[in-house]
S.K.: 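If you scroll down you'll find the structure; I have some questions about it.
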There are 2 protein chains.
Amino acid sequence: MGNATLRPPAKAAAAQRLIRAAGQRLTAPRTAVLAVLLDAKRALTHHEIGSALAPGVPVDRVTVYRVLDWLVTLGLAHRIPGEDRTWRFVASRVDSHGPHAHFTCSRCGKTVCLEAVATPPDVKVPRGFLPQKVELTVQGLCASCH
Amino acid sequence: MGNATLRPPAKAAAAQRLIRAAGQRLTAPRTAVLAVLLDAKRALTHHEIGSALAPGVPVDRVTVYRVLDWLVTLGLAHRIPGEDRTWRFVASRVDSHGPHAHFTCSRCGKTVCLEAVATPPDVKVPRGFLPQKVELTVQGLCASCH
DNA sequence: GAGCGGGACGCAACCGAATTGCATCTGCAC
DNA sequence: GTGCAGATGCAATTCGGTTGCGTCCCGCTC
Ligand SMILES: [Mn+2]
Ligand SMILES: [Mn+2]
Ligand SMILES: [Zn+2]
Ligand SMILES: [Zn+2]
């Protein structure tokens with residue numbers, strides 16, 4: 001796995017800083033994957049992340065999956081379920097910690113966070129049910145698809 | 001595919017009526033699958049539907065998938081994307097035509113429609129984006145899981 | 001009640017995302 | 001520098017869903 005464009009060194013440094021700050025073991029795959037997410041302007045699939053990795057550091061597919069899981073449990077990234085049954089991943093910016101909505105283009109699959117849209121804080125659920133998280137996804141067409 | 005419990009004949013008759021009313025060809029698999037959905041009190045996975053089918057009418061997996069797709073395009077059922085990357089299906093009752101939210105138990109996967117919760121009619125999306133559908137899913141624990 | 005034609009079905013092969021098992025390697029605390 | 005828990009690589013596997021194709025049968029016509 002690897003591709004053409006080099007990751008800006010700044011993003012790699014930021015990734016390392018975040019991993020260290022979380023008190024976690026620093027490895028090349030972890031740094032590389034997180035750097036890709038930090039550099040992305042939209043949610044990325046596992047496949048997109050794999051091919052965005054710098055060619056110098058080949059990372060196994062399975063490792064990418066494991067790093068992503070680990071980033072999610074750590075809170076450094078969040079995972080968005082897609083209509084096409086694939087997860088997409090975004091680095092959790094400091095300014096986007098709260099619950100928020102997502103937009104997915106039904107034609108090209110492009111997915112972005114909608115920071116402006118607040119998810120309804122209170123929903124009516126049946127007796128005995130315990131709501132924990134609200135997922136709000138807007139489907140439609142992105143700017144380049146309509 | 002087939003299991004132990006017989007489908008109430010009333011549901012089979014209702015299924016036939018709905019298919020006829022839609023001006024579609026009436027077949028045993030279609031009747032059987034729709035009857036299962038009409039009888040269900042919650043959203044069912046493809047697998048659950050398969051094993052809920054009356055044993056007398058064996059239906060191929062692929063046919064179940066195709067019937068479900070067909071029911072969805074016909075508007076007789078709707079499909080709910082799950083956190084576990086599987087679709088769940090519900091018959092679209094006459095009284096639940098509008099957009100509505102869903103609840104999914106994060107422990108047992110049980111999924112139900114939340115008729116009472118309306119999805120936000122208007123959401124702010126980036127310039128040039130065209131919203132078309134809003135998906136609202138509440139995650140949490142169902143009555144028997146907490 | 002035959003005859004017919006297009007859509008529906010069954011079967012087998014396939015696909016792609018994600019997971020698991022296991023041997024090997026390595027970051028880092030000491 | 002050493003030791004070891006934890007991380008990685010590789011191969012195999014699972015699993016939900018799809019595709020291709022030959023056969024079947026629903027429903028219209030006469
Ligand atoms: Mn987001
Ligand atoms: Mn519903
Ligand atoms: Zn698009
Ligand atoms: Zn439950």
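Throughout, protein chains are lettered first and strands after them, A, B, ... in sequence-line order, and every chain is numbered starting at 1.
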S.K.: Please report, rounded to the nearest Å, how far the C1' atom of C:dA18 is from the CG atom of A:D84.
M.R.: 14 Å

S.K.: Kindly say if B:R30 contacts the phosphate of D:dC25, meaning a side-chain N or O under 4.0 Å from OP1 or OP2.
M.R.: no

S.K.: To the nearest 0.5 Å, tell me how far A:R107 CZ sits from B:L130 CG.
M.R.: 12.5 Å

S.K.: 5'-most contact on DNA chain D: B:T86 or B:L26, nearest heavy atom basis?
M.R.: B:T86

S.K.: Out of curiosity, B:W70 CH2 to B:T27 OG1, how far, rounded to the nearest 0.5 Å?
M.R.: 7.0 Å

S.K.: Would you kindly give the CZ-to-P distance between A:R79 and C:dA17, to the nearest whole Å?
M.R.: 15 Å

S.K.: B:D69 side chain: which of D:dG16, D:dT18, C:dC9 is closest?
M.R.: D:dT18

S.K.: What's the CD1-P distance between A:I19 and C:dT26, to the nearest Å?
M.R.: 17 Å

S.K.: Taking N and O atoms by type only, does the side chain of A:R61 place a donor or acceptor under 3.5 Å from a partner on the base of C:dA18?
M.R.: yes

S.K.: How close or far is atom P of C:dC9 from atom CG of B:L53, stated in whole angstroms?
M.R.: 12 Å

S.K.: Taking the nucleotide of DNA chain D with the nearest heavy atom to each, does A:Q24 or B:W87 sit closer to the 5' end?
M.R.: A:Q24

S.K.: Kindly compute the distance separating CH2 (A:W87) from CD (B:E83), expressed to the nearest 0.5 Å.
M.R.: 4.0 Å

S.K.: From NE2 of B:H47 over to C1' of D:dT14, roughly how many Å is that when rounded to an integer?
M.R.: 14 Å

S.K.: Counting side-chain heavy atoms from CB outward, which of D:dG27, C:dG10, D:dC10 is closest to A:V62?
M.R.: D:dC10

S.K.: Tell me which nucleotide among D:dG27, C:dA18, C:dG27 gets nearest to the side chain of A:Y65.
M.R.: C:dA18

S.K.: For the pair made of CD1 in B:I49 and P in D:dG16, what is the distance, rounded to whole Å?
M.R.: 13 Å

S.K.: Heavy-atom distance under 4.5 Å between the side chains of B:F103 and A:V123, does that happen here?
M.R.: no

S.K.: Could you check how far CH2 of B:W70 sits from C1' of C:dG7, rounded to whole Å?
M.R.: 12 Å

S.K.: Given A:K11, which partner from the list A:L37, A:V36, A:D39, A:T31 fulfils the side-chain contact (heavy atoms from CB on, under 4.5 Å) test?
M.R.: A:D39

S.K.: On a plain distance test, is the side chain of B:R66 in donor-acceptor contact with the base of C:dG10 below 3.5 Å?
M.R.: yes

S.K.: Strictly below 4.0 Å: does A:T27 bring a side-chain N or O up to OP1 or OP2 of D:dT8?
M.R.: yes

S.K.: Which nucleotide in the list C:dA18, D:dA7, C:dT19 gets nearest to the side chain of A:R25?
M.R.: D:dA7

S.K.: B:R85 or B:T63: which one's nearest nucleotide on DNA chain C is closer to the 5' end?
M.R.: B:T63

S.K.: How close or far is atom P of D:dG27 from atom CD of B:Q16, stated in whole angstroms?
M.R.: 10 Å

